[in-house]
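Here is the structure we will look at, set down as structure tokens.
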Amino acid sequence: MGFPSYREHEAGLRAARVKIEELGLFASCEGPSGAMPTQLFGTLVTGEYVYFRARHNVCKMEISEDSRNQSRLLARYVVQYWDAGWIEGDKVCELIKTWLDRYYSGDLGFKDSNRVLDI
């Protein structure tokens with residue numbers, strides 16, 4: 001199995017964006033889009049800022065107080081994922097939903113960026 005074309009990759013990410021919007025958890029978001037890295041930026045309906053990034057062999061999502069105060073990290077989730085820069089749109093949606101479910105249940109993941117957590 002090879003890599004999809006960039007056009008196919010972006011089409012999968014656009015479909016994921018629709019699914020992410022349907023979750024009703026974001027007040028606004030940009031992405032997911034791109035390859036190497038694939039990224040999403042957004043603000044939750046509860047006001048927190050979210051940054052998702054998939055690059056090299058790692059996917060991560062950070063939640064901070066707001067977009068102006070990203071240094072005030074509230075939660076970080078990280079998973080190893082082979083060739084993350086070409087991650088499928090469905091997997092992006094699954095990771096974001098899983099991590100937001102964990103965040104809202106009080107599981108803040110790791111704040112230490114050197115640790116990796118498998119979901």
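Computed from a predicted model, the values in this text were never measured in an experiment.
When every heavy atom of K60 is checked against every heavy atom of W99, the shortest pair comes out as C-CZ3, 3.9 Å. Here the shortest heavy-atom pairing between G89 and L13 reads CA-CD2, 3.8 Å. Here the closest heavy-atom approach between residue G109 and residue Y77 is recorded as N-CE2, 3.5 Å. The shortest heavy-atom contact between I87 and A54 is CG2-CB, 3.9 Å. Across every non-hydrogen atom of G24 and V45, the tightest pair is O-CG1, 3.8 Å. Taking every heavy atom of both residues into account, I63 and L73 meet most closely at O-CD1, 3.5 Å.
You'll find the side chain of I96 reaches within 4.5 Å of the side chain of M61, heavy atoms only. Side-chain contact between L44 and F26 is present, with at least one heavy-atom pair separated by less than 4.5 Å. L25 places none of its side-chain heavy atoms less than 4.5 Å from the side chain of V50.
With sequence neighbours excluded, the residues satisfying side-chain contact (heavy atoms from CB on, under 4.5 Å) with S105 are D107.
To the nearest 0.5 Å, atom CD of residue Q39 and atom CZ of residue R53 are 5.5 Å apart. Note: T43 OG1 to Y49 OH = 7.5 Å, rounded to the nearest 0.5 Å. Atom CD in E48 sits 9.0 Å away from atom OG in S64 (nearest 0.5 Å).
Legend: salt bridge (Lys or Arg N to Asp or Glu O under 4.0 Å) pairs involving residues 19-40, not counting sequence neighbours, sorted by first then second residue: R17-E21, K19-D90.
H56 places no side-chain N or O within 3.5 Å of a backbone atom of A84 that could act as its donor or acceptor partner. Judged by distance alone, the side chain of T38 and the main-chain N or O of G85 form a donor-acceptor pair under 3.5 Å.
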side-chain contact (heavy atoms from CB on, under 4.5 Å), that's the test. Do Y51 and L40 meet it? Break it down for me. CA-CA 6 Å; Y51 174 60; L40 174 139; over 6 Å; no

Please report the C-alpha distance between W86 and Y81 in whole Å, then the side-chain angles of each, then the deciding distance to 0.1 Å, and finally whether the side-chain contact (heavy atoms from CB on, under 4.5 Å) criterion is met. CA-CA 10 Å; W86 287 100; Y81 189 88; over 6 Å; no

Verdict with reasoning, T46 to Y104, per side chain to side chain donor-acceptor pair (under 3.5 Å): CA-CA 10 Å; T46 50; Y104 285 122; 3.0 Å; yes

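Salt bridge status for E10 with R7: absent, with no side-chain N to carboxylate O gap under 4.0 Å.
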